[in-house]
Student: 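Pasting a structure here, questions to come.
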Amino acid sequence: MEYVEEGPYRFRITRRGTMRVPGVVFASRELLRDAEMSLRQVVDVATLPGIVGASYAMPDVHWGYGFPIGGVAATDPGDGGVVSPGGVGFDISCGVRLLAADCDRRALQPVLHPLMDGLGRVVPRGAGPGGVWPVTGRQLERILRSGSRYAVEEGHGEERDLRRCEDGGAVADADPDQVDRRARERGLGQVGSLGSGNHFLEVQQVTQVYDESVADAFGITAGQVCVMIHCGSRGLGHQICSDHVRLMEKAMARYGITVPDRQLACAPVDSPEGRAYLGAMAAAANYGRANRQLLAEAARGVFRREAGARLTLVYDVSHNLAKTETHQVRGEPRRLCVHRKGATRAFPPGHPELPDDLRAAGQPVLIPGTMGTASYVLTGVPGGGAFHSTCHGAGRVMSRHEAARTTDGKRLRARLEGDGIAVRPVSWRGLAEETPEAYKDVDEVVAASEGAGLCRKVARLVPLGVVKG
């Protein structure tokens, strides 16, 4: 794939063939060393009807379903712009929640192993059913409509949790009527569960603060213990994606749409199919918010019992979502459908959608590393590129099959424990699949994101213990 370096951590793929816009990739040459397949997907996304600006890729870009993971694309509904489920992914509203404890590592160290044992017991994980909150069909309907707001109303959290959650804990315009019976069946028994794959609950320590005033606004300090939760909408979200890809595949011919890859199945944003998907997607996003809310409450209970400590929400943000946002296009404000798949929204200071206590500092951006490496808290910056988007994690370089084939789970746990990281896996194979060597260097990914002007570092955190899905 040919690309031209046009600035620090910025490469351009020139328009050709059926591309409607260029491709723009934020990365270093080292990060792009094995990115050929994902860059071809950047080119494919650039052919979507109504796309504006560019087809963007973040520094953690890697191959995905239709869109690359780490892909960002905005379409203009007023100009035939489409929505594509492949631009969100199967795990709708997969995201990260960070909570800060009122204790430091020294206070936690004597009870770290009992604490990790307690978290391992109360956090449901694995591919099947099982959740913290067994809900009825009626309660599931309320979750799909109101997300974390309903969970807090039912006593699973506190009002501040909603102020520190993207969209106040619930995505507007959710339409549960677009969520079919099979999706509901899959979601009914999984509210408050990690799932499997790269999902986790991690106990961390803040080892470095880069901007004290912003960190103070976020509620984090050097030495503080934190809890990071990474999960999404479980089987419900996966089913919704599958269902609507099939519907859009059938509908494209009616709208005269052709795409280079069937995984880019799409429909106009304002069409019946587009509205149906966005309504179902928003319902799944609300499920994802409630899912992380329940896991946070479970963690709070263990911290109270084992450490006498309190956990306060720093922020909760998704990195698999399509959202209606207003952005400048050729100097004019336009209503756009912004797809972020494996990419995090990063609103700058002063943005009107931020809560009052964060508006001066900017939006917290939560970037998990791997079990053996650091994670980061970033913030949005004025003039941030790609419709105020940035990376979402380290980004895979090795398939799960290859990681499991080349890594022994028991030895990996021993190695991590030797480094002072308490590990509570659900299976040895699942642990092996997530070996740190399966990922890019998160320090380099964050450096590229900051160097490209997408965000700014606020704090660095290192793992003390991890509960793996």
Student: Going from CG on L354 to CZ on R164, what distance comes out if it is rounded to the nearest 0.5 angstrom?
Tutor: 10.5 Å
Student: Count the heavy atoms of every other residue, nucleotide or ligand shown that sit under 6.0 Å from CG of D177, and state whether that count exceeds 12.
Tutor: yes
Student: Between the side chains of E153 and R149, is the shortest nitrogen-to-carboxylate-oxygen separation below 4.0 Å, so that they form an ion pair?
Tutor: no
Student: Please evaluate residues V442 and S375 with respect to the criterion side chain to side chain contact (heavy atoms under 4.5 Å, CB included), reporting the C-alpha separation (whole Å), side-chain torsions for both, the decisive distance (0.1 Å), and the verdict.
Tutor: CA-CA 8 Å; V442 70; S375 296; over 6 Å; no
Student: Does K468 reach the main-chain N or O of G197 with its side chain, forming a donor-acceptor pair under 3.5 Å?
Tutor: yes
Student: Is a side-chain donor or acceptor of T435 paired with a backbone partner of A438 at a separation under 3.5 angstrom?
Tutor: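 No, because the side chain of T435 does not come within donor-acceptor range (under 3.5 Å) of the backbone of A438.
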Student: Got a salt bridge between R163 and D357, using NZ or NE/NH1/NH2 to carboxylate O under 4.0 Å?
Tutor: no
Student: So does E30 pair up with R33, basic N to acidic O under 4.0 Å?
Tutor: yes
Student: Aromatic rings H388 and H351: how do their planes relate, parallel, tilted or perpendicular, breaks at 30° and 60°?
Tutor: perpendicular
Student: Locate the shortest heavy-atom distance separating Y376 from D443; write the atom from each residue and the value.
Tutor: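 That would be OH-OD1, 2.6 Å.
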Student: For a side chain to side chain contact (heavy atoms under 4.5 Å, CB included) check, start with the C-alpha distance between S93 and R292, then their side-chain angles and the critical distance, and finish with the verdict.
Tutor: CA-CA 10 Å; S93 195; R292 291 190 291 275; 3.8 Å; yes
Student: Do H244 and M281 make a side-chain contact, defined as non-hydrogen atoms from C-beta onward lying under 4.5 Å apart?
Tutor: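 With C-beta onward as the side chain, the pair stays apart.
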Student: After noting the C-alpha distance and the side-chain angles of E273 and K250, does the key distance pass the salt bridge (charged side-chain N to carboxylate O under 4.0 Å, His left out) rule?
Tutor: CA-CA 10 Å; E273 294 83 3; K250 296 176 182 176; over 6 Å; no
Student: For V466, does its backbone N or O pair with a side-chain atom of E202 as donor and acceptor, under 3.5 Å?
Tutor: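 Flag not set: sc E202 to bb V466 has no pair under 3.5 Å.
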Student: How many angstroms lie between CD1 in I229 and CG in L295, if you round to the nearest 0.5 Å?
Tutor: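 Result: 5.5 Å between the selected atoms.
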Student: Is it true that E141 and R138 have a side-chain N and a carboxylate O under 4.0 angstrom from each other?
Tutor: no
Student: Would you check, one step at a time, whether the test side chain to side chain contact (heavy atoms under 4.5 Å, CB included) holds for L144 with N286?
Tutor: CA-CA 5 Å; L144 297 177; N286 288 339; 5.7 Å; no
Student: Any chance CD of E36 has more than 12 other-residue heavy atoms, nucleotides or ligands included, within less than 6.0 Å?
Tutor: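 More than 12 within 6.0 Å, yes.
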Student: Of all residues at least two apart in sequence or in a different chain, which pass the side-chain hydrogen bond (donor to acceptor under 3.5 Å, both in side chains) check with R429?
Tutor: E433
Student: Could I get the full list of side-chain hydrogen bond (donor to acceptor under 3.5 Å, both in side chains) partners for E444, not counting sequence neighbours?
Tutor: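 With neighbours one apart ignored, the set is S28.
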Student: Using atom types as modelled and distance alone, determine if a side-chain donor or acceptor of Q41 lies under 3.5 Å from a backbone N or O of G64.
Tutor: yes
Student: Quick check for you: to the nearest 0.5 Å, what is the distance between D180 atom CG and I240 atom CD1?
Tutor: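 Answer rounded to 0.5 Å: 8.0 Å.
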Student: Salt-bridged, D175 to R275, with N to O below 4.0 Å?
Tutor: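 Salt bridge between D175 and R275, a charged N being under 4.0 Å from a carboxylate O: no.
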Student: What I'd like to find out is whether the side chain of Y210 reaches to under 4.5 Å of the side chain of E450, using heavy atoms alone.
Tutor: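 Of all side-chain heavy-atom pairs linking E450 with Y210, none is under 4.5 Å.
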Student: Is a side-chain donor or acceptor of K457 paired with a backbone partner of A447 at a separation under 3.5 angstrom?
Tutor: no
Student: Would you say that L358 contacts Q363 through its side chain, given a criterion of any heavy-atom pair below 4.5 Å between the two side chains?
Tutor: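 No. Closest side-chain heavy atoms not under 4.5 Å.
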Student: Centroid-to-centroid, H392 to H230, below 6.0 Å?
Tutor: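 For H392 and H230, the ring centres are not under 6.0 Å apart.
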Student: Please work out which of the three classes, parallel, tilted or perpendicular, describes the rings of F26 and Y56, given edges at 30° and 60°.
Tutor: parallel
Student: Name the residue from I367, V214, V458 that meets the side-chain contact (heavy atoms from CB on, under 4.5 Å) definition with V377.
Tutor: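 The residue from I367, V214, V458 that satisfies side-chain contact (heavy atoms from CB on, under 4.5 Å) with V377 turns out to be V458.
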Student: Regarding R29 and E5, does a basic nitrogen lie under 4.0 Å from an acidic carboxylate oxygen?
Tutor: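 Salt bridge flag = yes for E5 with R29.
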Student: So, is the end of the K341 side chain (NZ or CZ) under 6.0 Å from the ring centre of F67 and within 45° of the ring's axis?
Tutor: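 Output no; distance or angle outside limits.
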Student: Can you tell me if E6 has over 12 outside heavy atoms packed within less than 6.0 Å of its CD?
Tutor: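 Buried by this count: over 12 neighbours within 6.0 Å.
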Student: Got more than 12 heavy atoms from elsewhere within 6.0 Å of CZ, R254?
Tutor: yes
Student: Could you tell me whether the side chain of H156 and the main chain of E297 form a donor-acceptor pair under 3.5 Å?
Tutor: no
Student: Using every non-hydrogen atom in the two residues, find where H199 and G232 come nearest and quote the distance to one decimal.
Tutor: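 Looking at all heavy atoms of both residues, the shortest contact is CE1-N, 4.1 Å.
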Student: Between C455 and T390, which heavy-atom pair has the shortest distance, and what is it?
Tutor: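 Nearest heavy atoms, C455 then T390: SG-OG1, 3.5 Å.
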Student: Check for a donor-acceptor pair, side chain of D167 on one end and backbone N or O of A170 on the other, with a separation under 3.5 Å.
Tutor: no
Student: Between M398 and T406, is the side chain to side chain contact (heavy atoms under 4.5 Å, CB included) condition met? List the steps.
Tutor: CA-CA 10 Å; M398 187 186 298; T406 57; 4.0 Å; yes
Student: May I ask you to test the C226-V314 pair for a side-chain heavy-atom distance under 4.5 Å?
Tutor: no
Student: Does any N or O in the side chain of R345 come within less than 3.5 Å of the main-chain N or O of S318, such that one atom is a donor and the other an acceptor?
Tutor: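 No, the answer is negative, given that no donor and acceptor are paired below the 3.5 Å cut-off.
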Student: Just do the salt bridge (charged side-chain N to carboxylate O under 4.0 Å, His left out) check on D79 and R20 with the steps written out, would you?
Tutor: CA-CA 13 Å; D79 191 27; R20 301 171 190 264; over 6 Å; no
Student: Measuring only between side-chain heavy atoms, which start at C-beta, is L264 closer than 4.5 Å to V45?
Tutor: yes
Student: Answer yes or no: is there an ion pair linking R340 with E325, defined by an N-O contact shorter than 4.0 Å?
Tutor: yes
Student: Is there a donor-acceptor pair closer than 3.5 Å between any side-chain N or O of S55 and the backbone N or O of V42?
Tutor: yes
Student: Is any side-chain heavy atom of H319 less than 4.5 Å from a side-chain heavy atom of C391?
Tutor: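 Of all side-chain heavy-atom pairs linking C391 with H319, none is under 4.5 Å.
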Student: Quick check: do T344 and V317 have side-chain heavy atoms less than 4.5 Å from each other?
Tutor: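 The answer is yes; the side chains approach within 4.5 Å.
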Student: Which residue pairs pass the salt bridge (Lys or Arg N to Asp or Glu O under 4.0 Å) test with at least one member in residues 384-401, sequence neighbours excluded?
Tutor: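 Of all non-adjacent pairs touching residues 384-401, those that pass salt bridge (Lys or Arg N to Asp or Glu O under 4.0 Å) are R396-E434, R400-E434.
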Student: So which heavy atom on G237 is nearest to which on I92, and how close?
Tutor: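 Where G237 meets I92 most closely, the heavy atoms are O-CD1, 3.6 Å.
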Student: To the nearest 0.5 Å, tell me how far I143 CD1 sits from N291 CG.
Tutor: 9.0 Å
Student: Any ion pair linking E353 and K323 (charged N to carboxylate O, less than 4.0 Å)?
Tutor: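 A salt bridge is absent here (no side-chain N lies under 4.0 Å from a carboxylate O).
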Student: Between D261 and R40, does any side-chain N to carboxylate O distance fall below 4.0 Å?
Tutor: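 No, no charged N to carboxylate O under 4.0 Å.
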Student: Donor-acceptor pair, S193 side chain versus R125 backbone, under 3.5 Å?
Tutor: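 Checking the backbone N and O of R125 against the side chain of S193, no donor-acceptor pair under 3.5 Å is found.
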Student: Any non-hydrogen side-chain atom of T373 less than 4.5 Å from a side-chain atom of Y439?
Tutor: no
